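In the text below, chain A, chain B and the rest are named by the order of the sequence lines, each starting its count at 1. As the structure is a prediction and not an experimental result, all values here were calculated from the model.
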There are 2 protein chains.
Amino acid sequence: MSTPSGPAPGAALEIVHLLRATTVELGLHSARFAHRNGMHPTDVRALIALMDARRAGEEMSAGRLGGVLGLNSAGTTALVDRLEGAGLVRRVRGERDRRRVVIEVEDRAVELGWAFFGPLIERSVELLRGCDDHQLAAIRDFLTGVREAAAGGR
Amino acid sequence: MSTPSGPAPGAALEIVHLLRATTVELGLHSARFAHRNGMHPTDVRALIALMDARRAGEEMSAGRLGGVLGLNSAGTTALVDRLEGAGLVRRVRGERDRRRVVIEVEDRAVELGWAFFGPLIERSVELLRGCDDHQLAAIRDFLTGVREAAAGGR
DNA sequence: GGCGAATATCTTGCTGAGCGAGATGATAGG
DNA sequence: CCTATCATCTCGCTCAGCAAGATATTCGCC
């Protein structure tokens, strides 16, 4: 009994382990989605980044997409070729700056993603429905803290 | 007003989004670890699986490792060749069944992993230190539920 | 005990994602 | 206009992972 506020000694480590296991499982879930649609993990990451940008109301150019995913220009071109060939995105020449190529997601990709990830999202929301403000704040603070710690590791 | 106990309408969705962002950030963190040590993402996943097995007191054979990672036998052999060449694991012929090859992690790999992931783990534990039992239970139940939902998607 | 089926790993040859270097097309500054 | 710069694409290559088959070991059956 040396921890003044900690309720159980190994409980925290157990939760850290559980977060890692959850991360792994979500990764496998994405991999299944990719495999089932003849895609690669990078393609799924690209679609997620594109949809995030769209939700934020931002344009995503080819170069920026490559930067987010850590690809060089050649790999980015090949990626967009794959996605465009699969009918999931389209290239649109930049209006203001005609050097740029803006990548837009087709509705089909959004539907595809929602059909696969929708149930998981709904289930997650349902899991949170039984929580009070105090508990939601704890979950939010924990995830935010871990995310910042992981990002802070340079 | 349709949610009887839900405290805020969009708060749940926000947390789901936050979990995904955290997952992405943890993946990037692993990728940095891999890149910094001249490894590939699969190599890191393999080391994690090996250390998990060791902590659970189980032996990890080459075939089982490949199964966990979703590789076929050829890819598994190449993976173990890489890790062995880097001095991170060693092959040990099975004692009871001499067809098997048991993969054991070298101490060096454990130290390497701890040096990189240790601070993140410690920070996570610290984040949980301020939580009471009620909040810890909420975090645990949420993560467990999401993990099961992701795994349940076949 | 010995023989054939089953099991675990390794070898060979190939496909394709991603990298480095450089070409092509578009814009801005003098 | 002419050059420097920027965004993207093309070419040639490397290497992770797959499919198929070779090799070594064990187990069941007679």
Side-chain angles (χ1 to χ4, degrees), chain A residues 27-28 30-50 53 58-86 88-104, chain B residues 27-28 30-50 53 58-86 88-104:
Chain A
L28 291 175
S30 285
R32 276 190 295 270
F33 172 72
H35 192 76
R36 183 173 304 187
N37 295 94
M39 297 165 63
H40 301 265
T42 300
D43 302 357
V44 178
R45 289 174 55 211
L47 286 180
I48 291 176
L50 287 167
E58 297 171 358
E59 284 190 340
M60 183 65 99
S61 70
R64 194 154 96 86
L65 179 62
V68 169
L69 301 177
L71 300 181
N72 74 359
S73 63
T76 304
T77 298
L79 165 70
V80 178
D81 282 350
R82 284 199 303 274
L83 293 177
E84 196 173 39
L88 296 170
V89 307
R90 59 178 170 276
R91 283 174 161 97
V92 180
R93 272 286 164 196
E95 305 253 322
R96 212 199 54 197
D97 183 345
R98 295 188 56 74
R99 286 171 304 182
R100 309 181 84 220
V101 168
V102 176
I103 315 296
E104 295 181 355
Chain B
L28 291 176
S30 285
R32 277 190 295 270
F33 172 71
H35 192 75
R36 183 173 304 187
N37 295 94
M39 296 165 62
H40 300 265
T42 301
D43 302 356
V44 178
R45 290 173 55 213
L47 285 180
I48 291 175
L50 286 167
E58 298 171 358
E59 283 190 341
M60 182 65 98
S61 70
R64 194 154 96 86
L65 179 62
V68 169
L69 300 177
L71 300 180
N72 73 2
S73 63
T76 304
T77 297
L79 165 70
V80 177
D81 282 351
R82 284 198 304 274
L83 294 177
E84 196 173 39
L88 297 170
V89 307
R90 60 177 171 276
R91 284 175 160 98
V92 179
R93 272 287 164 193
E95 305 252 323
R96 212 198 54 200
D97 182 346
R98 295 188 55 76
R99 288 169 305 181
R100 309 180 85 218
V101 168
V102 175
I103 316 295
E104 294 181 356

Rounding to a whole Å, what distance do you find between [X]:[atom1] and [N]:[atom2]?
X	N	atom1	atom2	result
B/His35	C/dG18	NE2	P	15 Å
B/Glu95	C/dA8	CD	P	18 Å
B/Met60	C/dT9	CE	P	11 Å
A/Arg96	C/dT27	CZ	C1'	11 Å
B/Asp97	D/dT26	CG	C1'	6 Å
A/Asp81	C/dG16	CG	P	14 Å
B/Leu79	C/dC10	CG	C1'	14 Å
A/His40	D/dC15	NE2	P	20 Å

Residues two or more places apart in sequence or in another chain: which of them pass side-chain contact (heavy atoms from CB on, under 4.5 Å) with B/Asp81?
-> B/Thr77, B/Arg91

side-chain contact (heavy atoms from CB on, under 4.5 Å) involving B/Ile48 - partner list, sequence neighbours excluded | A/Arg20, B/Val44, B/Asp52

Determine whether B/Leu65 and B/Leu79 make a side-chain contact, defined as any pair of heavy atoms from C-beta on separated by less than 4.5 Å.
-> yes

Are any side-chain N or O atoms of [X] and backbone N or O atoms of [Y], one a donor and one an acceptor, separated by less than 3.5 Å?
X	Y	answer
B/Arg90	B/Ile103	no
B/Asp43	B/His40	yes
B/Asp97	B/Arg99	yes

Specify the angle, to 10°, made by the local axes at the two ends of the helix from C/dG1-D/dC30 to C/dG30-D/dC1 when five pairs are taken at each end.
-> 10°

Between D/dA16, C/dT11, D/dT26, which one does the side chain of B/Arg82 approach most closely?
-> D/dA16

With respect to the side chain of A/Arg98, which nucleotide from D/dT25, C/dT9, C/dA26 is positioned closest?
-> C/dA26

Within the structure shown, what part of the strands sits under 4.0 Å from A/Arg64 by heavy-atom distance: base, sugar-phosphate, or nothing?
-> nothing

Looking at every strand, decide which applies to A/Arg91 at a 4.0 Å heavy-atom threshold: base, sugar-phosphate, or nothing.
-> sugar-phosphate

For A/Arg45, look at atom CZ and say whether over 12 heavy atoms of other residues, nucleotides or ligands are found less than 6.0 Å away.
-> yes

Spell out yes or no: do the side chain of A/Arg99 and the base of D/dT8 have one donor N/O and one acceptor N/O closer than 3.5 Å?
-> no

Sorted by number, the residues of residues 67-76 of chain A with heavy-atom contact under 4.0 Å to DNA chain D = A/Ser73, A/Ala74

Does B/Thr42 place a side-chain N or O at less than 4.0 Å from the phosphate oxygens OP1/OP2 of D/dG17?
-> yes

Could you note down all residue pairs passing side-chain hydrogen bond (donor to acceptor under 3.5 Å, both in side chains) where residues 66-76 of chain A supplies at least one of them, sequence neighbours left out?
-> none

Sequence neighbours left out, what passes side chain to side chain donor-acceptor pair (under 3.5 Å) with B/Glu58? Give chain and number order.
-> B/Arg64

